[in-house]
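Taking it in order: structure first as structure tokens, then the write-up.
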Amino acid sequence: MSEQTYRPSLSHNPRRRAAAIQPARPGPRLSQVLNQVLPLPPGNVMLGLCDDGLPLLFDLNEPDSGGLLVTGDSALANGLVLKSVLLAACRMNPADSLNLNLISPRPDFFDVLEREPHLQINFHSRSKEAGLLLEEFANLIAAREESGEPSIIQLLAIDGLSEFFEALDADHQELLLWAASAGPACGAWIVAGDAPEAGAEVPVSLDEAFPTRLVNCIAEAGNPWLPEGAPIRRLAGLENGRSALLFAGGERIQVQIAQAERGDYDLLASEARAWTEMDEVLSRFPDSSGVE
């Protein structure tokens with residue numbers, strides 16, 4: 001049965017009522033968490049909080065970590081996690097040591113980053129300029145490989161990676177693959193978010209470019225970004241957008257996600273859910289009034 005967006009129809013069955021949206025449970029605010037843990041050595045990014053309350057850090061001084069990918073069933077939840085990671089990168093590093101560029105199909109979703117001096121560009125992924133930004137990012141990596149000199153950390157964030165990649169021509173696809181693989185050794189990282197359709201395929205070279213995965217709730221094993229042997233039951237039990245499982249270097253570490261902005265959890269609470277088999281059964285219940 002194909003998934004549909006759940007839209008309650010009160011006229012179809014008067015006995016059914018749309019569930020009231022409950023305010024989301026409070027969770028950690030990123031600003032509050034950082035006030036407690038900073039200062040930390042530069043070049044670190046907080047991905048979330050471990051069970052002991054300590055921050056889990058992604059080290060931008062360690063090239064072997066490779067590209068970082070946020071994935072899961074919900075594009076909204078992925079976006080909120082990606083926003084938390086990117087805002088943490090800005091708040092934890094001086095603007096003269098880290099630059100951020102962003103490509104997204106929903107640039108306004110990340111407008112909180114516009115207030116950070118680290119953000120240079122925020123392009124729509126369908127714009128011609130997005131391809132030019134990718135070219136400039138690759139040129140920067142090539143120049144750094146030639147000079148061998150350390151420089152400011154460069155982050156290129158790509159929201160909706162699969163969709164963006166598929167829309168590129170073959171030359172730009174190769175450019176992205178090369179940049180994602182070669183960049184970390186030069187202090188240039190791609191941080192991406194992706195919620196591909198179940199059963200979709202990811203090019204092997206793209207899969208290999210993102211060895212570090214921060215995985216949201218995944219209900220079924222159809223996500224092509226899932227690491228081999230990933231515990232589906234554990235992933236299905238994660239709170240969407242609130243908790244995630246980090247896969248890196250053979251390790252699995254669960255973290256709680258800090259809200260980049262107040263109200264982020266409320267967005268998740270109001271997100272349309274998938275149509276289930278039970279919904280299908282209930283939708284066929286006869287009208288209690290007997291009126292057709």
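Being a predicted model, the structure only gives us computed values, none of them experimental.
For the pair Arg252 and Phe247, the cation-pi test (distance below 6.0 Å, angle within 45°) is failed.
Under the side chain to side chain donor-acceptor pair (under 3.5 Å) criterion, Arg106 pairs with Asp159, not counting sequence neighbours.
The backbone N or O of Glu239 lies less than 3.5 Å from a partner atom in the side chain of Ser243, making a donor-acceptor pair. Between the side chain of Asn240 and the backbone N or O of Ala77, no donor-acceptor pair lies under 3.5 Å. The closest donor-acceptor contact from the side chain of Asn93 to the backbone of Asn44 lies under 3.5 Å. In this structure a side-chain-to-backbone donor-acceptor pair under 3.5 Å is present from Ser97 to Pro94. Of the possible polar contacts, none joining the Ser125 side chain to the Phe164 backbone as a donor-acceptor pair under 3.5 Å is found. Distance alone, capped at 3.5 Å, places no donor-acceptor pair between the Gln256 side chain and the Arg242 backbone.
Side-chain contact between Leu102 and Pro107: absent, with no pair of heavy atoms (C-beta onward) separated by less than 4.5 Å. In this structure, Glu116 and Arg91 have side chains that are in contact, with non-hydrogen atoms separated by less than 4.5 Å. The side-chain heavy atoms of Leu47 and Leu68, taken from C-beta on, include a pair separated by under 4.5 Å. Between Leu132 and Phe123 the shortest side-chain heavy-atom distance does not fall below 4.5 Å. Side-chain atoms of Arg144 and Ser151, non-hydrogen and from C-beta on, do get closer than 4.5 Å to each other. Taking 4.5 Å as the limit, some side-chain heavy atom of Ile103 sits within range of a side-chain heavy atom of Leu156. No side-chain heavy atom of Ile121 sits under 4.5 Å from any side-chain heavy atom of Leu100. Two residues are said to be in side-chain contact when any heavy atoms from C-beta on lie closer than 4.5 Å; Leu54 and Leu49 fail this criterion.
For Asp51, the CG atom is loosely surrounded, since the number of other residues' heavy atoms within 6.0 Å does not exceed 12.
Cluster annotation: Leu69 and Phe110 are assigned to distinct hydrophobic clusters (Ile/Leu/Val/Met/Phe/Trp/Tyr, side-chain heavy-atom contacts under 4.5 Å, transitive). Linking Ile, Leu, Val, Met, Phe, Trp and Tyr residues whenever their side-chain heavy atoms come within less than 4.5 Å leaves Leu161 and Leu113 in two separate clusters. Ile158 and Leu60 sit in two unconnected hydrophobic clusters of ILVMFWY residues. Membership requires side-chain heavy atoms under 4.5 Å apart, directly or through other members. Under a hydrophobic clustering in which Ile, Leu, Val, Met, Phe, Trp and Tyr are joined whenever their side-chain heavy atoms come within less than 4.5 Å, directly or via other members, Leu56 and Val33 fall into the same cluster. Criterion: ILVMFWY side-chain heavy atoms under 4.5 Å apart, direct or through other members. Under it, Val81 and Ile218 are not part of a common hydrophobic cluster.
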*Please report the C-alpha distance between Glu261 and Arg29 in whole Å, then the side-chain angles of each, then the deciding distance to 0.1 Å, and finally whether the salt bridge (charged side-chain N to carboxylate O under 4.0 Å, His left out) criterion is met.*
CA-CA 7 Å; Glu261 298 181 90; Arg29 286 286 305 281; over 6 Å; no

*Dump the intermediate steps for side chain to side chain contact (heavy atoms under 4.5 Å, CB included) on Leu226 and Thr71, then the final yes or no.*
CA-CA 8 Å; Leu226 271 181; Thr71 191; over 6 Å; no

*Please step through side chain to side chain contact (heavy atoms under 4.5 Å, CB included) for the pair Gln254 and Leu245, ending with a clear verdict.*
CA-CA 4 Å; Gln254 186 165 327; Leu245 197 61; 3.8 Å; yes

*So Gln154 and Asn101, side chain to side chain contact (heavy atoms under 4.5 Å, CB included) or not? Walk me through it.*
CA-CA 8 Å; Gln154 297 286 343; Asn101 292 287; 4.2 Å; yes

*Begin with the C-alpha distance, continue with both residues' side-chain angles, and end with the deciding distance and a verdict on ring-ring contact (aromatic ring centres under 6.0 Å, His included) for Trp189 and Phe58.*
CA-CA 12 Å; Trp189 303 77; Phe58 185 77; 5.5 Å; yes

*Just do the side chain to side chain contact (heavy atoms under 4.5 Å, CB included) check on Ser104 and His124 with the steps written out, would you?*
CA-CA 5 Å; Ser104 172; His124 194 285; over 6 Å; no

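Atoms CD1 and CD, from Ile141 and Glu146 in turn, are 14.0 Å apart once rounded to the nearest 0.5 Å. For the atom pair CG (Asn78) and SG (Cys217), the distance works out to 10.5 Å, reported to the nearest 0.5 Å. Atoms CD and CG, from Glu174 and Asp169 in turn, are 10.5 Å apart once rounded to the nearest 0.5 Å. Leu30 CG to Leu87 CG: the interatomic distance, rounded to the nearest 0.5 Å, is 5.0 Å.
A salt bridge links Asp207 with Arg213: at least one charged nitrogen is closer than 4.0 Å to a carboxylate oxygen.
The two residues Val45 and Ala89 make their nearest non-hydrogen contact at CG2-CB, 3.7 Å. Counting all heavy atoms, side chain and backbone alike, Ser162 lies closest to Pro196 at OG-CB, 4.0 Å. Contact between Leu267 and Leu76 at its shortest, heavy atoms only, is O-CD2, 3.6 Å.
Side-chain contact check for Asn122 and Glu114: at least one donor-acceptor pair (N or O, by modelled atom type) lies under 3.5 Å. There is a side-chain donor-acceptor pair under 3.5 Å between His172 and Glu135. No hydrogens or angles considered: a donor-acceptor pair under 3.5 Å links the side chains of Asp194 and Trp225.
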